[in-house]
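What you see is a predicted model; the values in this text were computed from it and never measured. We count ligands from 1, going down the list as the structure has it; atoms in each ligand are counted the same way.
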Amino acid sequence: MVRSFFFLVFALATIGSVAHAAVVDYTFEVANLTISRLCKSKVVPAVNGTLPGPTIQVNDGDTLKVHVINKSPYNMTIHWHGVFQLLSGWADGPEMITQCPIPPGKRYTYQFNITGQEGTLWWHAHSSTHRATVYGALVIRPRGGPKAYPFPKPFKEVPILLGEWWIADVMDVHNEAFLKGGAPNISDAYTINGKPGDLYNCSSTEIYKLEVEQGKTYMLRIINAALGNQLFFKVAGHSFTVVAVDASYTKPYKTDVVVIAPGQTVDALMVADAPPARYYMAAQAFISTAPPPPPRPPFDNTTTTGIVQYKSTKPTSPHVTTTMPSFFDSGIVDGFNTNLTSLIRPGDPTVPLQVDERMFIIYGFGIAACQPGQVLCNQTQGSLAACMNNVSFQSPTTMSLLEAHFKGVNGIYTSDFPVKPPMTFDFTNASVNSVAALQPLMFTARATKLKKLKYNSTVELVLQNTAILGVENHPMHLHGYNFFVLARGYGNYNATTAVNRYNLVDPVVRNTVGVPAGGWAVIRFTANNPGVWILHCHLDAHLSIGLAMAFQVQNGPTPETTLPPPPPGYPSC
Ligand SMILES: *[C@@H]1O[C@H](CO)[C@@H](O)[C@H](O)[C@H]1NC(C)=O
Ligand SMILES: *[C@@H]1O[C@H](CO)[C@@H](O)[C@H](O)[C@H]1NC(C)=O
Ligand SMILES: *[C@@H]1O[C@H](CO)[C@@H](O)[C@H](O)[C@H]1NC(C)=O
Ligand SMILES: *[C@@H]1O[C@H](CO)[C@@H](O)[C@H](O)[C@H]1NC(C)=O
Ligand SMILES: *[C@@H]1O[C@H](CO)[C@@H](O)[C@H](O)[C@H]1NC(C)=O
Ligand SMILES: *[C@@H]1O[C@H](CO)[C@@H](O)[C@H](O)[C@H]1NC(C)=O
Ligand SMILES: *[C@@H]1O[C@H](CO)[C@@H](O)[C@H](O)[C@H]1NC(C)=O
Ligand SMILES: *[C@@H]1O[C@H](CO)[C@@H](O)[C@H](O)[C@H]1NC(C)=O
Ligand SMILES: *[C@@H]1O[C@H](CO)[C@@H](O)[C@H](O)[C@H]1NC(C)=O
Ligand SMILES: *[C@@H]1O[C@H](CO)[C@@H](O)[C@H](O)[C@H]1NC(C)=O
Ligand SMILES: *[C@@H]1O[C@H](CO)[C@@H](O)[C@H](O)[C@H]1NC(C)=O
Ligand SMILES: *[C@@H]1O[C@H](CO)[C@@H](O)[C@H](O)[C@H]1NC(C)=O
């Protein structure tokens with residue numbers, strides 16, 4: 001990493017204050033890595049030969065340049081998950097949304113400013129299913145460094161990346177699902193910082209260890225990088241104080257279980273105040289239920305472990321175990337999510353009270369026609385798909401959406417994404433799958449439809465799960481923005497009763513919301529960043545079958561509110 005410093009005097013900042021802004025350079029080489037886990041060796045794409053990849057460290061206000069050299073055999077892009085990309089949408093990363101991929105043997109420099117963000121974010125591949133092994137932490141410290149945290153400076157900060165592992169090649173798993181038009185095989189393990197831990201066969205040495213000193217405070221920067229599961233995370237004998245989620249500060253919240261959906265981050269302070277010993281840390285799936293319990297697809301029900309070891313303790317002493325919550329303990333999930341509130345500091349954005357655009361989006365599974373290439377797909381039955389307001393998102397193939405939007409090229413997408421469902425029905429009632437008259441609800445069609453938003457408009461989205469072909473918890477991730485999570489609930493959203501539950505004062509601010517299975521969530525944001533921004537389910541298997549849509553946010557009236565042209569070296573198809 002190279003840090004070249006220069007100094008900027010912000011005319012608008014408090015008189016006399018000088019902010020330090022740096023240009024921070026990283027080089028990421030994506031290449032084959034031969035790696036053994038669970039006693040089986042395989043070749044995966046990885047950054048700089050490590051799993052997880054390098055941690056990026058920046059301060060708010062810095063300019064980050066990441067030179068990505070693609071020596072892997074795959075098309076590749078990298079997404080800087082949660083970074084606003086203010087006026088730099090070209091660097092956001094999702095394949096065919098904001099760029100064509102970087103082909104094998106080529107390179108691309110992602111350059112963008114970090115503006116008004118502090119906390120834990122992360123980076124990951126955003127093409128095909130490569131994020132299974134191409135991921136790492138992105139840590140943003142305040143302009144004034146750690147002393148400017150709104151809590152006492154912790155003794156150490158430790159990234160904890162929760163991942164997911166398949167013994168098979170993940171491309172084979174992904175391709176097999178595509179060919180059949182069905183769901184992919186579930187994973188074999190979860191990992192903590194790339195290691196499965198000692199509860200799996202043949203894995204006792206592959207365990208992450210964190211050494212701690214008695215009495216010191218550690219900030220765990222927890223990231224759920226798993227592809228398909230929300231997780232519970234615990235450390236035996238210790239509790240946490242959550243101070244931030246998705247790089248937004250929260251009011252300190254005490255808990256002994258962290259609840260984290262794929263795409264989300266949680267910054268949790270942990271005091272090493274237990275008797276010196278070795279303690280398990282562990283993560284395990286939660287499969288949130290909506291009453292009554294729906295039939296559930298299979299899921300990876302294994303537990304990944306790590307060790308928190310006090311300095312004076314012998315490495316051979318036994319470790320203190322912890323009991324994980326039940327896979328179905330939605331009470332813990334709801335408690336965590338409803339009790340978290342944001343820490344509002346002077347100058348922080350507040351909830352827009354006037355709404356310009358209201359959208360009601362139902363989403364979940366459906367059945368679409370088999371596509372060319374899906375050679376094992378049952379032509380009579382069709383292919384498993386996912387959709388939002390009955391549109392199953394289809395990526396373009398010849399030009400990215402952002403490039404087509406910028407250049408005004410026709411025929412790549414249409415701007416008619418529906419703002420409400422084509423029809424109203426009992427969305428979360430599982431009987432939709434058995435009532436013959438409702439069977440047509442299952443059929444959906446693929447298209448590339450965007451929703452146009454005026455610059456600076458305020459947008460409210462009601463995200464409503466459906467029970468079509470099964471009820472699941474979907475973590476919805478919006479690129480380019482943070483949003484306020486006003487409310488969440490079970491069953492069908494009812495505007496009359498739901499508004500009473502809106503938190504308009506200090507709702508949690510996130511980039512990924514875990515919408516309850518068989519339920520809904522309401523989010524608001526201000527569309528003050530021109531470009532094309534995808535909103536999608538962060539379960540990889542759902543994104544790849546169409547659980548996505550995109551916003552096309554228009555330029556504002558001034559050069560400072562206008563998307564600049566693509567940067568040099570921008571990959572085209
Ligand atoms: C990654 O590897 C490249 C090539 O060896 C090297 O130049 C770069 O410094 C490494 N980056 C990090 C963050 O370690
Ligand atoms: C990388 O791995 C893939 C899959 O195993 C293999 O086909 C390819 O030849 C390898 N490339 C290099 C440069 O080793
Ligand atoms: C990024 O920051 C640099 C240095 O402050 C500034 O010159 C540049 O205009 C910024 N870029 C964008 C897209 O805002
Ligand atoms: C998926 O699981 C099935 C059943 O266990 C197995 O036969 C198949 O080989 C697996 N596919 C891959 C790509 O590992
Ligand atoms: C672990 O190995 C044992 C013995 O080979 C086998 O019976 C068991 O099913 C394996 N467990 C898992 C989770 O693979
Ligand atoms: C995990 O799932 C397998 C297969 O369904 C089952 O045999 C096993 O008992 C489950 N384990 C736990 C801890 O639930
Ligand atoms: C969290 O919120 C729930 C209500 O949703 C409440 O019953 C509970 O006491 C709160 N506190 C904790 C620590 O969960
Ligand atoms: C294809 O789907 C139809 C309708 O569900 C079913 O009747 C048929 O058996 C399936 N064919 C195969 C080859 O699985
Ligand atoms: C969704 O679209 C499909 C195909 O266009 C149609 O058959 C189906 O009735 C629609 N579903 C709903 C709920 O409107
Ligand atoms: C955007 O909206 C905010 C809040 O309504 C307002 O203060 C600001 O001036 C607007 N910016 C532009 C460029 O219209
Ligand atoms: C919404 O709730 C109100 C108040 O309980 C009720 O009168 C109304 O029928 C509900 N609407 C729907 C569509 O269920
Ligand atoms: C890689 O991307 C190019 C477009 O940039 C595309 O033509 C090609 O089919 C892609 N290759 C694969 C294997 O997806």
So between [options], whose heavy atom ends up nearest [atom]?
atom	options	result
atom 6 (C) of ligand 11	Asn492, Asn500, Asn494	Asn494
atom 12 (C) of ligand 3	Asn113, Asp62, Leu87, Thr63	Asn113
atom 5 (O) of ligand 1	Gln57, His67, Glu29	Glu29

query: Do the two ring centres, one from Phe406 and one from Trp90, sit under 6.0 Å apart?
result: yes
- request: Compute the ring centroids of Phe525 and Phe551, then answer whether they are less than 6.0 Å apart.
  value: yes
query: Is a side-chain donor or acceptor of Asp246 paired with a backbone partner of Gly82 at a separation under 3.5 angstrom?
result: no
message: Using modelled atom types and a 3.5 Å cut-off, is there a donor and acceptor pairing between side-chain atoms of Thr466 and backbone atoms of Ile362?
response: no
- prompt: Among His474, His124, His126, which residue meets the ring-ring contact (aromatic ring centres under 6.0 Å, His included) test with His538?
  reply: His124
task: Kindly state if atom 14 (O) of ligand 11 has a protein heavy atom within a strict 4.0 Å cut-off, that is, under 4.0 Å?
output: yes
query: With a 4.0 Å cut-off, strictly under, does atom 2 (O) of ligand 11 pick up any protein heavy atom?
result: yes
query: Among Asn390, Asn465, Asn389, which one satisfies side chain to side chain donor-acceptor pair (under 3.5 Å) with Tyr363?
result: Asn465
Just which atoms of ligand 1 are under 4.0 Å from any heavy atom in [X]?
X	value
Asn48	1 (C), 2 (O), 3 (C), 8 (C), 10 (C), 11 (N), 12 (C), 14 (O)
Tyr26	13 (C)
Pro54	13 (C)

query: Under 4.0 Å from any heavy atom of Thr497, which atoms of ligand 11 are there?
result: 2 (O), 4 (C), 5 (O)
message: Quick test of your reading of the model: are Asp356 and Lys454 salt-bridged, counting only N-O distances below 4.0 Å?
response: no
